[in-house]
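By convention in this document, chain letters (A, B, ...) are assigned in the order of the sequence lines, proteins followed by strands, and residues within each chain are numbered from 1. Worth knowing before you read on, the calculation uses all heavy atoms, side chains too, and leaves out hydrogens, waters and symmetry mates. Bear in mind that the values here come from a model prediction, so they are computed numbers and not experimental data.
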Amino acid sequence: GAVVSQHPSRVICKSGTSVKIECRSLDFQATTMFWYRQFPKQSLMLMATSNEGSKATYEQGVEKDKFLINHASLTLSTLTVTSAHPEDSSFYICSARDLGTGTYGYTFGSGTRLTVV
Amino acid sequence: DAKTTQPNSMESNEEEPVHLPCNHSTISGTDYIHWYRQLPSQGPEYVIHGLTSNVNNRMASLAIAEDRKSSTLILHRATLRDAAVYYCILRRPIQGAQKLVFGQGTRLTINP
């Protein structure tokens, strides 16, 4: 089945630095990928839709200059958290859908736990 | 986006069936009903989806009410590995990005 790989799985960074998270579709091409954030004991919150070859679409309230999204190829999207602060500590998850199989399920990465100290 | 309503939590015993309800009274005619589950510290996992008819797969069954205003995810024989948060989501197949918007879900606890 479709596999989405996310890297790194865990990262600790200092306040004020930037962190890049990668999301790869391993066995299919994804023109669209989705980025979510999840705080402890809460549901997933959609941050943005990543579009291959064009600008990402951000959800209301999400700072596009802080959460930079690049979708340079059909198999890779990256999320960069710029000038990270402790309140950015969260579980970040990406998702994509394999349109080629004819199924309608979305595949999610295993998530990246970001801790800003 | 049409909203879904699920109980915050449910509890069941191992090897017994589990029925997870979802209300979606504002569902439109083209909305698909999706179910995902999330195990601790992992990304969500697709379980099943349907439009009007009941659906079965290896993981579960989905029973959809005739008026489509509610649905029930059925785990026929729960195991400890089924303990997770289950999300019922409506997806509208419009042109362009078809994002999934998650609600609060139901936290399912399985007792041994």
Are [X] and [Y] grouped together when hydrophobic residues (ILVMFWY) are joined by side-chain heavy atoms under 4.5 angstrom apart?
X	Y	answer
B/L20	B/L62	yes
B/L73	B/L90	yes
A/L114	A/V4	no
A/M45	A/F34	no

*If you measure from OG1 on A/T57 to NZ on B/K99, what distance do you get to the nearest 0.5 Å?*
8.5 Å
*asked:* With side chain to side chain contact (heavy atoms under 4.5 Å, CB included) as the criterion, how do A/T107 and B/E45 come out once you've worked through the C-alpha distance, each side chain's angles and the decisive distance to 0.1 Å?
replied: CA-CA 7 Å; A/T107 303; B/E45 171 188 30; over 6 Å; no
[X], [atom1]: over 12 other non-hydrogen atoms inside 6.0 angstrom:
X	atom1	value
B/D67	CG	yes
B/R107	CZ	no
B/E66	CD	no

*asked:* Just by distance, no angles: are the side chains of B/Q104 and A/Q42 close enough, under 3.5 Å, to form a donor-acceptor pair?
replied: no
*Is it the backbone or the side chain of A/Q38 that comes under 4.5 Å from a heavy atom of chain B, or both, or neither?*
side chain
*Tell me, for A/L46 versus chain B, whether the close heavy atoms (under 4.5 Å) come from the side chain, the backbone, both or neither.*
side chain
*Return the minimal non-hydrogen interatomic distance between A/Y36 and B/L100, and the atom names on each side.*
OH-O, 2.6 Å
*Quick one: does A/Y106's side chain have a donor or acceptor within less than 3.5 Å of a partner on B/Y36's backbone?*
no
*Counting distance only, does the side-chain N/O of A/S110 pair as donor-acceptor with the main-chain N or O of B/Q42 below 3.5 Å?*
no
*Looking at side-chain heavy atoms only, is the closest gap between B/Q38 and A/S43 below 4.5 Å?*
no
*Are A/F108 and B/F102 close enough that their ring centres sit under 6.0 Å apart?*
yes
